[in-house]
Amino acid sequence: MTTDTHSPTLLASTHRRLLVAVFSVTSTVGFVAMVQILPVVLVPIAADLGTSRTAVAAASTVSTLMGALVAIPVGRILDRYGGRLVMTGGSAIGAVAVLLWSQVTSLAMLYVAFALIGLALVMSTYDSAFAVLVVATEPHERDQAILAVTMIAGLATYLVYPLLGWMVTEFGWRTTLVILAVTLAVTSIPAHLWAVPSRETHLSRVRRREGSPVAAALRRKRFWLLLIAFVAQAGSAAAFLLLIVAYLLDVGHSTAVATAVPIAVGALQILSRLILTTVARRVPIAKATAFAFAVQAAGLLLLPLAGLSIPLTLLCVAAVGLGQGVAVIARPSILADSFGVVHFASVLAAIAVPTALARAGLPLVASWLGDGRFLVLCGVVSIVGTLALVPLLGQRRAHAG
C-alpha cells in the first residue's frame with residue numbers, strides 16, 4: 001500500500017514545518033538586527049552623538065510606543081488579508097530602519113529610525129508570525145508550532161551576543177548595523193514573500209474556522225482576566241530587566257557578577273520552552289502559565305532576602321526567566337483557544353497595546369522608586385497577574401480553532 005504524497009494532510013504538515021523553519025530564522029534575524037544589537041552599540045552611539053546613554057536607550061521606548069500605536073490596525077489587516085504582504089513589508093521597513101540607524105547623526109534621526117523599527121517589529125516578528133501560524137495550523141499542532149519558533153529564535157538570539165560584540169569591535173557600530181540591515185533584507189523579505197500563505201489561502205482557511213470578533217471578546221470576563229495576567233507579567237519583567245544590574249551593584253555584588261547574573265533570565269526562557277515541548281500535551285497551558293507567573297512573583301519578592309548569596313540570587317533571577325519564557329508562548333496559545341482564529345490577530349493586538357504600554361511605563365515607576373522597593377512592586381504586580389489566571393484554570397477552552 002503506497003502513501004499519497006499529495007494528500008492534503010501531508011501537504012499541510014509540510015507547510016507547517018516550512019513556516020516554523022522560516023519564522024524561526026526571520027524572527028531571529030529581526031530581533032537581532034532591531035532589538036538585541038542596541039545594548040551592544042549603546043555606548044559607542046552615545047559617544048559618537050555626544051549625548052547620554054539614557055537618551056540613546058530611550059530609543060527603545062520610542063519603538064515600544066510605536067508598536068502599541070500600530071498593533072491594532074496591523075492586527076485587523078492580518079485578519080482580513082493574511083500575513084504575506086504584511087510580513088514582507090515589515091521586513092523591508094525593518095531593513096530600511098536599521099540602515100537609517102547606521103547613518104544617524106542626531107537623536108532625532110535615531111528616534112525616527114526606532115519609530116520605524118517599532119512598526120517593523122509588529123509587522124514581521126512574533127505577533128504577526130503567531131497570527132499566521134494559528135490560521136495555517138490545525139488546533140492540535142498550534143502549540144507545538146509556536147513553541148518551536150520561540151524556542152529556536154530565543155536560543156539563537158541568546159547565543160548571538162558574542163558575535164555582535166566581535167562585529168562591533170572589528171567593524172565599528174555603523175558598519176555592523178549596515179551588515180545587519182543587509183542580512184535582514186536578503187533573508188526575511190524573500191522568505192516571507194515565498195513561505196507565508198497568500199490572501200486567498202488565508203481566506204480559504206478562515207472560512208472553515210471560527211472565532212469571536214474583538215467587540216465580542218471585550219464583553220467577556222475571560223478576555224479581561226487574560227489582559228491583566230499578561231500585562232502584569234510583561235510590565236514587571238520589563239522593569240526588573242532594566243534595573244537588575246544596578247540593584248545587584250547597589251547591594252554589593254561585583255560588576256562581573258552583576259552583569260553575568262541576568263544571563264539566567266535568558267537561560268530559563270530557553271529551558272522553560274524546552275520543558276513545554278515535552279509536557280505541553282499533558283499539562284494545560286493555562287496551568288503551566290499560572291505556575292510560571294507565580295514562580296516569577298516569588299523570585300522577585302525573595303530576591304531582597306538573597307543578599308550576597310550568588311546561588312540564591314541566580315535562583316530568584318532565573319524565576320523571572322521562567323515567567324518570560326512561558327508568557328511568550330502562552331499568550332497566543334490561550335487567546336486562540338479562548339477566542340478562535342478568525343479574528344485572532346485583532347484580539348492579540350487588543351492585549352498587545354496595553355502590554356506595550358506596561359513595558360514602557362512600569363520601568364519608569366520602578367526607576368523612580370530607585371532602591372529594592374522596585375522588586376516588591378514588580379513582585380506584587382506579578383502576583384496580580386497570577387491571580388487573574390486562577391478563575392480560568394478549571395474552564396475548558398472555548399474554541400478549538
Side-chain angles (χ1 to χ4, degrees), residues 6 8 10-34 66-67 70-98 116-139 141-142 144-146 148-150 152-153 181-211 213-214 332 335-336 340-349 352 401:
H6 298 287
L10 184 58
L11 288 175
S13 179
T14 301
H15 192 225
R16 173 179 58 82
R17 289 194 294 268
L18 172 63
L19 284 174
V20 168
V22 166
F23 290 155
S24 298
V25 172
T26 60
S27 292
T28 297
V29 174
F31 283 128
V32 168
M34 295 185 280
M66 174 59 77
V70 302
I72 289 178
V74 169
R76 289 175 177 168
I77 294 170
L78 285 165
D79 285 332
R80 182 170 297 182
Y81 300 105
R84 177 178 288 178
L85 293 181
V86 170
M87 298 193 75
T88 303
S91 299
I93 292 170
V96 170
V98 176
L116 292 174
I117 284 174
L119 173 61
L121 287 169
V122 171
M123 293 176 65
S124 63
T125 57
Y126 274 172
D127 281 1
S128 289
F130 297 156
V132 171
L133 283 172
V134 298
V135 174
T137 60
E138 297 302 322
E141 299 172 327
R142 180 190 304 142
Q144 291 298 316
I146 293 171
V149 170
T150 56
I152 296 169
V182 172
T183 303
L184 180 59
V186 301
T187 57
S188 296
I189 294 174
H192 287 152
L193 187 61
W194 168 59
V196 178
S198 65
R199 179 189 179 190
E200 292 73 19
T201 303
H202 169 81
L203 293 176
S204 70
R205 289 192 63 85
V206 164
R207 292 190 193 100
R208 298 185 286 109
R209 313 294 279 277
E210 57 184 30
V214 175
L335 289 177
V341 304
V342 175
H343 303 281
F344 171 81
S346 297
V347 174
L348 182 64

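- The CG atom of Leu85 sits 9.5 Å away from the CZ atom of Arg199 when rounded to the nearest 0.5 Å.
- Scanning both residues, Val196 and Val132, for their nearest heavy atoms gives CG1-CG2, 4.1 Å.
- Within the 4.5 Å cutoff, side-chain heavy atoms of Leu19 are placed close to those of Leu133.
- Looking at every heavy atom in both residues, Ala131 comes nearest to Leu78 through CB-CD1, 4.1 Å.
- The distance from the OG1 atom of Thr150 to the OH atom of Tyr126 is 5.5 Å, given to the nearest 0.5 Å.
- Residue pairs meeting the side chain to side chain donor-acceptor pair (under 3.5 Å) criterion with at least one partner in residues 183-193, sequence neighbours excluded, are Thr26-His192, Ser91-His192.
- Judged as a side chain to side chain contact (heavy atoms under 4.5 Å, CB included), and not counting sequence neighbours, the contacts of Val32 are Thr28, Thr157, Val160, Leu164, Leu180.
- Remark: the backbone N or O of Met87 is not paired with any side-chain donor or acceptor of Ser128 at under 3.5 angstrom.
- Pairing each heavy atom of Ser24 with each of Val149, the nearest pair is OG-CA, 3.6 Å.
- With rounding to the nearest 0.5 Å, the separation of CG in Leu116 from CE in Met66 is 7.0 Å.
- In this structure, the side chains of Ile152 and Phe23 stay at 4.5 Å or more apart for every pair of heavy atoms.
- Remark: Leu335 CG to Leu348 CG distance equals 6.0 Å, nearest 0.5 Å.
- Distance check: Ile93 CD1 to Ile189 CD1 gives 10.0 Å after rounding to the nearest 0.5 Å.
- Listed by first then second residue, pairs satisfying side chain to side chain donor-acceptor pair (under 3.5 Å) with a partner in residues 70-86 read Asp79-Ser346, not counting sequence neighbours.
- Minimum heavy-atom separation, Met123 to Val74: CG-CG2, 4.0 Å.
- A centroid separation of 6.0 Å or more is found between the aromatic rings of Phe130 and Phe344.
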